[in-house]
Amino acid sequence: MATIMGGIATSHIPAIGVAMDKGLEQTPYWKSFFDAYPPVREWLYSQEPDIVVVFYNDHGLEFFHDRKPTFAIGAAPQYENADEGWGIAEIPPVTGETELSWHIVNQLIEHDFDITVCQEMKVDHGLTVPLTLMWPGHQYGHIKVIPIAINCERHPMPKPSRCFDFGKAIGNAIRSYPGEQNVVVFGTGGLSHQLDGQRAGFINKLFDLYCMDKIVDEPEVLTKLTNFDLIEKAGSQGVELNMWLAMRGALQGKLTERHRSYHLPISNTGAGLQLLATSDAVDVNQC
Ligand code: DHB
Ligand code: FE
């Protein structure tokens, strides 16, 4: 059966992509942010993943407010990116994995998650920035990627508890897939931020650190929050924590937290990076 080696949660701020395009990683503003990533990459490569399942939110490139699936999955051989207006260069196509995608879809329907299936789908910075962070220079072509988009832009949005359960259903589907594939799950976005309105620029460091604490061994505590709690505590885009919860839901058993870092601010956001390894992970030295 396919094996989930662990989960990685990272912010997906577009400015990160622009900084990488311009080679600004070692400049004073960016250095400590980017310095957190090499140990996580090292762990990721050591797991020799065949497939990466990415929980992200589409900010309007594929799904605008006029058509917004609550949960959508890609089942395409390839995913294109396009200019979103953030100044990030378009990235080369991402390789898909249709067989596991369809297996997940069938399992989800069996377990009462009726997901939108996309056989064509453009992927935005919510997916492309984390992929570029993990494989700088866009060296991800050998990895098969399954994009899973969760509505985080238009009310009503799925609740934190529902996103966690959705992640659980996907984790179970992956673990029931006949094959030898190594899978790593990403959750992208967050942590606290608000991009517009009266509280534009709002960041809540204490709440972000609390979430990073709880998500390791007590994620259920976070699932008691409503989306309105999240908006109040973490800003209107703080609901992107839901992608972290879906990632966490997909992980099972005893977890080892191999990395945690938090950098504030990057653009308008409290930027978090966290790596949780399952007991199936290949053992490497503590990152
Ligand atoms: C920013 C953060 C996001 O999550 C996003 O999707 C776009 C912009 C920011 O902080 O600039
Ligand atoms: Fe975002």
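Atoms within a ligand are numbered from 1 in the order they appear, just like the ligands themselves.
The shortest heavy-atom distance from A15 to ligand 1 is not under 4.0 Å.
Side-chain atoms of F166 and I148, non-hydrogen and from C-beta on, do get closer than 4.5 Å to each other.
H12 has its closest N, O or S atom to the Fe ion (ligand 2) at the position named NE2. E240 contributes atom OE2 as its closest N/O/S atom to the Fe ion (ligand 2).
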Subject >> Test log, rule ring-ring contact (aromatic ring centres under 6.0 Å, His included), inputs W86 and H125 >> reply: CA-CA 9 Å; W86 292 102; H125 69 270; 5.6 Å; yes

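Relative orientation of the Y140 and H138 rings is perpendicular, given thresholds of 30° and 60° on the angle between their planes.
Between the S11 side chain and the G272 main chain, a donor and an acceptor come within less than 3.5 Å of each other.
Residue-environment remark: CD (E90) exceeds the threshold of 12 foreign heavy atoms within 6.0 Å. Residue E48 qualifies as open at atom CD: its count of foreign heavy atoms under 6.0 Å is 12 or below.
Annotation: W86 places no N or O atom under 3.5 Å from an N or O atom of ligand 1; distance criterion only.
Counting only non-hydrogen atoms, the option in H193, E153, H59, Q237 that gets closest to atom 4 (O) of ligand 1 is H193.
Which parts of ligand 1 touch L195 is read off a 4.0 Å heavy-atom cut-off, strictly below it: atoms 1 (C), 7 (C), 8 (C), 9 (C), 10 (O). Those atoms of ligand 1 that come under 4.0 Å of a heavy atom in T269, given as number and element, are 2 (C), 9 (C), 10 (O). Near I13, with a cut-off below 4.0 Å to any heavy atom, the atoms of ligand 1 are 1 (C), 2 (C), 9 (C), 10 (O), 11 (O). Contact atoms of ligand 1 toward H125: 5 (C), 6 (O), 7 (C) (distance under 4.0 Å to a heavy atom of the residue).
In terms of protein heavy-atom proximity, atom 11 (O) of ligand 1 is closest to S267 OG, 2.6 Å. At the shortest separation from atom 7 (C) of ligand 1 among protein heavy atoms lies P14 CD, 3.2 Å.
At a threshold of 4.0 Å, the pair K233-D229 does not count as salt-bridged, since none of the basic side-chain nitrogens sits closer than that to a carboxylate oxygen. Taking 4.0 Å as the cut-off between side-chain N and carboxylate O, D58 and K122 do not count as a salt-bridged pair.
Residue side and main chain included, H59 places an N/O/S atom under 2.8 Å of the Fe ion (ligand 2).
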